[in-house]
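Only one structure is covered here, and it is reproduced in the block below.
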Number of protein chains: 2
Amino acid sequence: MTKWRQIADALREKIEAGEYRPGQRLPTEPELQEQYDVSRNTVRQAVSSLVAEGLLLVERGQGTRVRPRSEVRRLARSRLSREERKQGRGAFLSDATQAGFTPSVQVRVSVGQADTRTAELLQIAEGDSVLRRERIMSADGRPMQLATSQLPRSITHGMQIEEEESGPGGTYARLEEAGHHLSHFVEEVAVRMPSAAEVETLQLLPGTPVFAITRIAYAGSPAKPVELNDIVLAGDQVRLVYEIPAE
Amino acid sequence: MTKWRQIADALREKIEAGEYRPGQRLPTEPELQEQYDVSRNTVRQAVSSLVAEGLLLVERGQGTRVRPRSEVRRLARSRLSREERKQGRGAFLSDATQAGFTPSVQVRVSVGQADTRTAELLQIAEGDSVLRRERIMSADGRPMQLATSQLPRSITHGMQIEEEESGPGGTYARLEEAGHHLSHFVEEVAVRMPSAAEVETLQLLPGTPVFAITRIAYAGSPAKPVELNDIVLAGDQVRLVYEIPAE
DNA sequence: AAGTGGTCTAGACCACTAC
DNA sequence: TAGTGGTCTAGACCACTTT
């Protein structure tokens with residue numbers, strides 16, 4: 001067993017035992033150096049391994065603290081229901097009501113061409129015109145979710161969806177009003193470490209993974225894809241709740 | 001911009017540009033030292049940041065390689081259906097058929113007492129006797145999933161579930177045979193970095209997050225919880241696929 | 001100004017792999 | 001045995017925060 005692992009394990013145990021509590025300061029590097037009789041670099045290696053595990057938080061000039069357990073919101077993925085839309089709530093607003101946080105959204109709308117993947121998933125031709133809605137969704141002012149929604153322009157032409165304000169009930173409500181009766185959604189959930197850009201916009205701490213969800217909305221019968229939504233969620237802030245019928 | 005970040009960025013770009021291909025060797029530490037005119041420790045810091053991002057792979061004595069993209073299996077979570085169970089397939093076997101891999105399972109069965117959380121989720125009293133089934137599930141010989149299933153002993157008493165071999169269709173099939181008509185499941189999906197123990201049993205590479213799923217199975221009407229299943233999945237190997245009806 | 005962590009150097013020895 | 005990465009040391013200077 002190497003020295004730095006021993007130190008990391010010792011610190012981890014103290015944290016789990018509650019000797020160092022969330023938010024509390026750890027001894028400084030010189031202090032730890034003396035306690036364990038090692039060089040500063042060895043202390044630093046031990047500490048950074050715990051940072052990568054998401055256990056510690058370092059702020060320069062201030063010291064090292066036990067990372068406070070961030071609040072977790074339960075997002076009910078099964079609540080993409082027609083009922084909620086009728087009441088004028090989109091999926092995110094519905095989640096907010098459920099989990100009790102104040103939602104806010106930044107939207108950017110643009111028109112572009114479908115790339116290979118988009119074309120395949122939406123069952124259109126590569127290069128076809130698509131409407132793109134990029135959103136940053138925040139809970140109580142803190143960014144929580146990035147979503148890029150793409151719809152075939154052939155569907156959205158002239159609809160309110162092409163405006164930044166999509167109206168009560170959101171995109172899905174507008175689609176149904178226009179006669180695109182939604183049949184079901186498929187969500188594919190992956191997990192990965194965030195890119196540097198995502199770390200920045202989602203204000204992620206080191207050692208925080210993200211959910212990467214691809215959602216496709218289907219409408220009509222036979223069902224055809226009408227929307228592709230790529231969603232990135234801060235992994236330390238949410239749990240996804242799915243309800244599955246036994247059939 | 002610090003030196004080690006510059007080096008990390010330079011290497012990342014070369015990887016993304018395909019100059020270093022998946023599986024291919026990177027220059028050795030002494031070579032990188034010379035290329036960028038820095039000390040060995042600075043090179044090492046750059047490299048280890050890329051390892052933490054899951055981009056690189058280091059093997060001692062051998063060198064540093066670009067991490068090959070590991071195969072991803074799509075696990076259809078919505079296929080916990082009665083239909084599949086009738087055909088003698090449990091959820092994992094059903095996934096295996098779907099995703100085309102060879103499944104294998106190690107099981108350990110024991111009896112214990114419900115802790116606070118278990119008791120709450122199963123709606124029984126703390127300390128009540130529970131049956132515990134701990135499983136390691138592998139795909140093509142590679143561990144992919146850890147699952148600890150707990151059921152109130154009051155339900156399982158004398159059932160085949162108490163044996164290691166739960167029989168065709170698995171736990172859920174036995175429950176239904178015994179008259180516990182399953183109504184639905186609720187899955188709560190979280191993501192986190194793995195513990196050291198999980199890294200070992202799942203043979204995870206550094207920088208790989210895991211899915212942590214809590215599944216509760218409900219039966220009867222009014223529906224009551226009959227099983228609590230804590231599942232840990234290697235995040236680099238699976239995507240979870242959920243189908244959500246529009247209602 | 002004092003104290004914190006962040007970066008960087010130069011050099012040593014060790015453990016493992018390949019030849 | 002040569003070459004790879006892993007650990008560790010001792011010391012320097014810097015950037016940021018608090019007092």
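Below, read A as the first sequence line, B as the second, and so on, with proteins coming before strands; counting in each chain starts at 1. The analysis underlying the following values was restricted to heavy atoms, covering all of them including side chains, and did not include hydrogens, waters or symmetry mates.
Scanning for salt bridge (charged side-chain N to carboxylate O under 4.0 Å, His left out) contacts around B:Arg60 gives an empty result, with sequence neighbours left out. The salt bridge (charged side-chain N to carboxylate O under 4.0 Å, His left out) check on A:Arg5 picks up nothing, with sequence neighbours excluded.
Read 5' to 3', the first and last nucleotides of DNA chain C with an atom closer than 4.0 Å to a heavy atom of chain A are C:dG3 to C:dT9.
In terms of position on DNA chain D, the residue among A:Gly61 and A:Thr2 whose nearest nucleotide sits closer to the 5' end is A:Thr2. If B:Asn41 and B:Gln45 are placed on DNA chain C by their nearest nucleotide, the residue sitting closer to the 5' end is B:Gln45. In terms of position on DNA chain D, the residue among A:Gln62 and A:Asp37 whose nearest nucleotide sits closer to the 5' end is A:Asp37.
One side chain, A:Glu187 or A:Tyr242, offers a donor N or O that lies under 3.5 Å from an acceptor on the other. A donor atom on one side chain and an acceptor atom on the other are not found under 3.5 Å apart for A:Thr214 and A:Glu188.
In this entry the distance linking CD of B:Gln33 with P of D:dT4 reads 12 Å, nearest Å.
In plain terms, the two heavy atoms of B:Pro143 and B:Gln237 that are nearest each other are O-NE2, 3.7 Å.
Using a 4.0 Å heavy-atom distance criterion, B:Val38 is classed as a sugar-phosphate-only contact.
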Is there a salt bridge (Lys or Arg N to Asp or Glu O under 4.0 Å) between B:Arg192 and B:Glu198 once you walk through the steps? CA-CA 11 Å; B:Arg192 58 175 170 77; B:Glu198 288 163 347; 2.9 Å; yes

